[in-house]
Amino acid sequence: MQTPMKRKSLFKLIAVLMPFLVLIILEGALRLFGYGHDLAVFVEDPARTGYMVLNQHASKRYFANQKNATYGNAEPFRAKKTPGTFRIFVLGESTTIGYPYMNNGSFHRWLQYRLLQTFPERDFEVINLSLTAVNSYTVLDFGKAVLGYEPDAVLVYTGHNEYYGAMGVAATKGIGYSRILARCLMNLRGMRITQLIASLTDGVAALMSVNKLDLRENLMKRMASDQQIAFGSAAYNAGLDQYKENMNELADALRAKGVPLLISNLVSNEKDLKPFISIPEGKGKSADAHYQSGIDLYKQANYTGAKKEFVLAKELDALRFRAPEALNVMIKQIAQTHKGVTLVDARSLFEQHSTGGILGSETLLEHVHPNLAGYALLSEAFYQTLQKAKLLPVPANEMPFEILKKQMPITLVDSLKGAYEMMILKEGWPFNIPMPAAEKREKTEEEKLAGALVVKQISWRDAMARLQQHYAALKDTAQMLRVTEALALDDPLNTVHWDNAGKLSAALGWNRQAVGYFSKAFRMENSFERARMLFVLLLKMDQPEEALPYVTYAAAHNTTRFDLGGLQAFVQQQVEAKQQRR
C-alpha cells in the first residue's frame, strides 16, 4: 500500500511528465493524419522501385522562413549500388548546383560527361545533392546521410554562404552563434508540432506585417537584406568557426567510413565587382579605396599590387556574399590534417585563366557564380584531383579538356537561359543594374525557349524536346545529337536517350562514340537490336574481338529470319587470325 508521501511523489512525476506525454500524443496524431513533411535527406523514388532520391523537403530543416526553402536536383540512384559502378556524391550550394544555368551547366555534369567519354566501358554515377542558399550545416548533414549509400568519393564546394545562407551567422543571431543550439533548432524543425507552430506563426505574422514577404525579390535580398558584418568582428569570426567545425566533423565522419573527401577552395570575383558595402578598415582606408587602387594598378599592368588591393577590397566588403580569404586557408588546413581528404585547387586553375592571375569576368558572372568557362574549369579541377588521388583508372583514350569544352552538350538555350537569369538577378539588390533595352527583332527559337524557361512557362525537358524538333526540321544532325546527349546526362536511367545518341553519333560517322552510347544502353538493358548495332559498328572499326560477345548474344537471341551462326563463326575466325598476327 502506497504511503501519502509516495503518492504525492507519483503525482508530481505525472504532473512533470504530462506535458511531454501530450506532446508525444499530438506529434503522433499529426504524423498519423499526414500533417507536415518528413525532412530526411533521402526518400524512395516514387517513380522507380529500389531507387532513392533527394527529398525535396529536406531543406526545410535549415530555413527559418519556410517560403525561402530551396529545392535541389532529383537524380535517382539505386539504394543498393550495382557492382562495378563508381558512385560520387556532390555537396554544396548554388555554385555547386550550377546556377544560373542549372542542368548541364553545373560542374558535376561536365565531370559526368567527361567520365562517360573517357571510360565508356565503366559506369559512373555523379549525384548532385546541392541546394541554393545553404552552407556547411547542410553539407555536413547531407554528407553524413550519403554514408549509407556506398559512396566511392564525396566532392564538396561550399563556403560562400556561411553568413547569409540558411543557418548562417546573420540568420542565427538569436542563438548566439552556438552550434549546439543551432543543431537543436534544426532537429526541432523535423517535428510535426514545430512545423504546425511555424505555419501558424508565419500566417499570423503575414497578416499583421506591414512589409509583406515579396517572393519576387531575389533570394539574396530576402536572406540578407542590409545586414553588415565587419572584417574581424564577432560575427565574422563566428562564420569562420562555424565552417571549420562543420567541415572537420564531415572529414572525420567520412574518414571513419573510408570514404575519400575532395574539398575545393573557393573562387570569387576580385576585379570586376565593386564592394557592395564599403566601410573603413582600422587604418581608415575603405573597401572602395582599396578597390580603386586595384583598378589603377591593374591599368598599369602591376598585377601583383592590383591583386593585393582587390583582395583587400573584398575582405573589407561588409556585405559578405564572398567568402573571406581565411576560409581558403582553413580548407587547405583541413586537407592537410585529415587522412583521406584531398584539396581541389580550383582557385589556382581559375587564376591561370585570368589576366594577371586576378579573378574576374573571364570566368565569373557576378560575385561568385562561374560562367560556362568557369564551370568547365571547376570540373577540370575536380577531375585532375580524382586522378591525383588515384580514384580513377588509367584511361586508354582520355577526353582532353580542350575537346571537352568543344563537345560538352550545353545547348544555346542553356547558355541564353543563364544570361537572362543573370540580367534579372543584377537588376535587383544589391547590384541594381538596369536591364538593357530589348532588341526590336524577331526572336530565334532558342531565344524563345530560353525566355520561357526563365519565367517557368515550360520545364527544361520540354524545352529540349521542342529544341530537338526544331533541329530535326532543319535536318541539323549535329545539333540534334547535342540535345540528345544533354537529355541523356539529365535523365541517365532512360535508355531511349542513349539509343538515340548512339544512332545520331553513327549517322555523323562518330563510331567510337556511338559504340560508347549503345554499350551503355546494353549494360542497362540487353537487347538484340543493341547487340546488332554494336557488332555492326565494331566490325566496321575492325575490332572483331570486341564485336564477338555481341554477335554471340545476337545469335542466341535472334529475332530475325537471318541465321547469325555463320557470322559468329566468321567473326571467331577473324579474332583467331588477329591473335596469330600478334
Side-chain angles (χ1 to χ4, degrees), residues 23 27 30 35-41 54-72 91-94 97 99 129-142 145 158-229 233-236 238-243 245-246 319-321 428-430:
L23 288 173
E27 178 71 16
L30 290 171
Y35 181 83
H37 302 288
D38 176 7
L39 304 189
V41 175
L54 176 64
N55 182 0
Q56 293 299 289
H57 298 292
S59 65
K60 292 179 179 178
R61 184 182 297 276
Y62 309 97
F63 286 84
N65 189 326
Q66 300 288 283
K67 291 181 180 179
N68 287 333
T70 56
Y71 303 92
L91 309 173
E93 49 204 39
S94 57
I97 205 173
Y99 179 84
L129 305 177
S130 304
L131 296 168
T132 299
V134 300
N135 55 40
S136 58
Y137 276 116
T138 308
V139 169
L140 170 61
D141 289 348
F142 284 21
T158 192
H160 287 302
N161 292 339
E162 295 308 306
Y163 296 99
Y164 302 118
M167 299 305 298
V169 167
T172 56
K173 286 182 178 179
I175 60 175
Y177 312 137
S178 167
R179 281 183 86 236
I180 294 174
L181 291 176
R183 296 231 65 89
C184 286
L185 181 58
M186 286 184 278
N187 290 332
L188 282 171
R189 286 179 183 149
M191 296 178 63
R192 304 303 200 273
I193 295 173
T194 310
Q195 293 176 28
L196 175 61
I197 294 169
S199 178
L200 292 173
T201 54
D202 286 349
V204 172
L207 288 172
M208 298 179 65
S209 176
V210 177
N211 299 315
K212 304 291 184 183
L213 176 67
D214 187 354
L215 294 176
R216 295 172 299 176
E217 292 280 9
N218 69 56
L219 192 58
M220 292 174 70
K221 185 172 183 178
R222 303 205 307 270
M223 296 294 289
S225 189
D226 297 322
Q227 298 179 54
Q228 299 181 26
I229 297 176
S233 66
Y236 171 91
L240 300 180
D241 292 341
Q242 170 180 294
Y243 185 88
E245 292 180 28
N246 285 336
L319 192 57
R320 299 206 167 273
F321 283 124
W429 182 90

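Keep in mind that what you see is a predicted model, and the values were worked out from it rather than measured. One is the number of the first residue; the rest follow in order along the sequence.
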Exercise. Could you check if a side-chain atom of L54 sits within less than 4.5 angstrom of a side-chain atom of Y71, using non-hydrogen atoms only?
Key: no
Self-check item: Backbone of I197 reached by a side-chain donor or acceptor of T201 within 3.5 Å
Solution: yes
Practice problem: Would you check if the side chain of N55 reaches a backbone N or O of V41 as a donor-acceptor pair within less than 3.5 Å? | Solution: no
Quiz item: Please, which pairs that meet side chain to side chain donor-acceptor pair (under 3.5 Å) have at least one residue in residues 180-199, sequence neighbours excluded?
Solution: D141-R183
Quiz item: Less than 4.5 Å apart, any side-chain heavy atom of Y137 and any of R61?
Solution: no
Quiz prompt | Flag side-chain contact, heavy atom, 4.5 Å: V134 against N161 | solution = no
Quiz item: Does F321 have its ring centroid less than 6.0 Å away from the ring centroid of Y164?
Solution: yes
Exercise. Would you give the length of the straight line joining atom CZ of R320 to atom OG of S233, rounded to the nearest 0.5 angstrom?
Key: 7.0 Å
Quiz item: For L91, which of L129, T158, L131 qualifies under side-chain contact (heavy atoms from CB on, under 4.5 Å)?
Solution: L129
Quiz item: Are E162 and V169 close enough that some pair of their side-chain heavy atoms sits under 4.5 Å apart?
Solution: no
Quiz item: Taking the side chain from Y163 and the backbone from Y236, do they hold a donor-acceptor pair closer than 3.5 Å?
Solution: yes
Quiz item: Can you tell me if Q242 uses its side chain to pair, donor with acceptor, with the backbone of G168 under 3.5 Å?
Solution: no
Practice problem: State, yes or no, whether a side-chain contact exists between I97 and T132 at a heavy-atom distance under 4.5 Å. | Solution: yes
Quiz item: Can you check whether T138 reaches S59 side chain to side chain, under 4.5 Å on heavy atoms?
Solution: no
Quiz item: Does the side chain of L319 reach to within under 4.5 Å of the side chain of W429, using non-hydrogen atoms?
Solution: yes
Exercise. Report yes if the side chains of M186 and Y62 come closer than 4.5 Å at any heavy-atom pair, otherwise no.
Key: yes
Quiz item: For N246, which residues count as a side-chain hydrogen bond (donor to acceptor under 3.5 Å, both in side chains) partner, sequence neighbours excluded?
Solution: S136, R179
Quiz item: Could you walk me through whether T70 and F63 pass the side chain to side chain contact (heavy atoms under 4.5 Å, CB included) check?
Solution: CA-CA 9 Å; T70 56; F63 286 84; 3.9 Å; yes
Quiz item: Which pair of non-hydrogen atoms, one from D38 and one from A40, has the smallest distance, and what is that distance?
Solution: OD1-N, 3.0 Å
